Amino acid sequence: MADIFEVGIVGSGIMGAGLAEVAARAGHDVVVRSRTTAGAEAVLAAIRAGLDRQVAKERMTGAESEAIVARVRATDHLGQLANCDLVIESVVEDLEVKKALFAELEQIVKPGGILATNTSTLPVVDLAMATQRPELVCGIHFFNPAPVMKLVEIVRPVTASAQTIERAVAFAERCGKDAVTVEDRAGFVVNALLFPYLNNAIRLCESGTASMESIDVAMQGGCGFPMGPFALLDLVGLDTSLAILDALYTEFKDPNYAAMPLLRRKVAAGQLGRKSGQGFYSYG
Ligand SMILES: NC(=O)c1ccc[n+]([C@@H]2O[C@H](COP(=O)([O-])OP(=O)(O)OC[C@H]3O[C@@H](n4cnc5c(N)ncnc54)[C@H](O)[C@@H]3O)[C@@H](O)[C@H]2O)c1
């Protein structure tokens with residue numbers, strides 16, 4: 001089975017920076033591509049900040065942290081991904097944007113390179129069919145924050161070869177993650193089960209049953225969840241959450257997936273959660 005050495009990450013948002021850190025910590029050479037130089041620099045700064053926290057907590061030494069950062073190269077040129085054995089795209093959750101990106105990656109990445117998506121819900125087969133190598137396309141779905149969360153869903157579109165899935169599982173395991181292989185259905189396992197809950201939390205609040213603060217306290221204390229649904233929506237990002245619900249509703253037409261109007265209005269207002277400083281809660 002061909003090994004994975006160099007890993008490319010496309011996208012410099014919440015997940016892109018986390019994926020770059022995870023892959024570099026696993027010993028891979030990593031190229032992260034952002035559309036702007038400022039974005040590329042911001043990824044490196046985010047990785048450094050995360051590693052500094054690990055050093056402060058004495059979970060790694062300063063030398064280890066430096067060695068990890070030295071394995072990451074940030075760029076604003078997609079062409080720098082040419083030599084990657086695996087590219088994981090983690091740009092905005094928009095099917096047309098991702099399809100265009102896969103068509104571009106097809107032209108750039110060397111033959112045999114796996115093209116993977118970190119999509120939360122979108123049909124991976126549509127991305128595979130935007131390339132000339134559908135057998136080498138799969139989903140590698142990390143969770144937020146990527147360096148902390150143990151799970152990775154390996155998503156198998158009908159077009160993927162068994163070897164591609166095996167290589168993706170081996171990569172996730174080398175990153176220290178628990179990999180589960182799932183079929184290519186909107187939401188896979190986790191988001192298909194999680195998002196009706198998050199959406200219904202908004203419904204419950206809007207119906208006047210309890211405030212969002214009370215719902216968050218209730219679900220932490222009553223179910224042992226590390227955070228309540230409103231804090232989690234803000235962490236995921238309200239735009240990403242809305243895109244996930246819309247993709248789930250498009251595929252299954254289940255009313256539990258029909259995004260609550262308040263979520264849509266907040267996204268329209270640019271209130272995207274932690275990343276914009278305002279979501280259901282305010283972040284100073
Ligand atoms: N946020 C989460 O909790 C989470 C968890 C797992 C997977 N994901 C998935 O990861 C991906 C990225 O999510 P995120 O939370 O990092 O989002 P984000 O909003 O933090 O970052 C989005 C990135 O996409 C880039 N981008 C925006 N429009 C673009 C375009 N037209 N062309 C190219 N790049 C563009 C932005 O510059 C940014 O780098 C999505 O597919 C999302 O579903 C998100």
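Counting starts at 1 for both ligands and their atoms, following the listed order. Residue indices begin at 1 and follow the sequence shown. Model, not experiment: these values are computed from the prediction.
Both tests pass for K266 against the ring of F280: distance under 6.0 Å to the centre and angle within 45° of the axis.
Residues that satisfy the side chain to side chain donor-acceptor pair (under 3.5 Å) test with Q54, not counting sequence neighbours, are absent from this structure.
A centroid separation of 6.0 Å or more is found between the aromatic rings of H28 and F5.
For ligand 1, the protein residues placed under 4.0 Å by at least one non-hydrogen atom are G11, S12, G13, I14, M15, R35, S90, V91, V92, E93, V97, K98, N118, T119, S120, H141, F142, N144, V236, T240, K275.
Of the N and O atoms on the side chains of D76 and T37, at least one donor lies less than 3.5 Å from an acceptor on the other residue. Side-chain polar atoms of T240 and E93 form no donor-acceptor pair below 3.5 angstrom.
Note that the CZ atom of R167 and the CD1 atom of I114 stand 4.0 Å from one another [nearest 0.5 Å].
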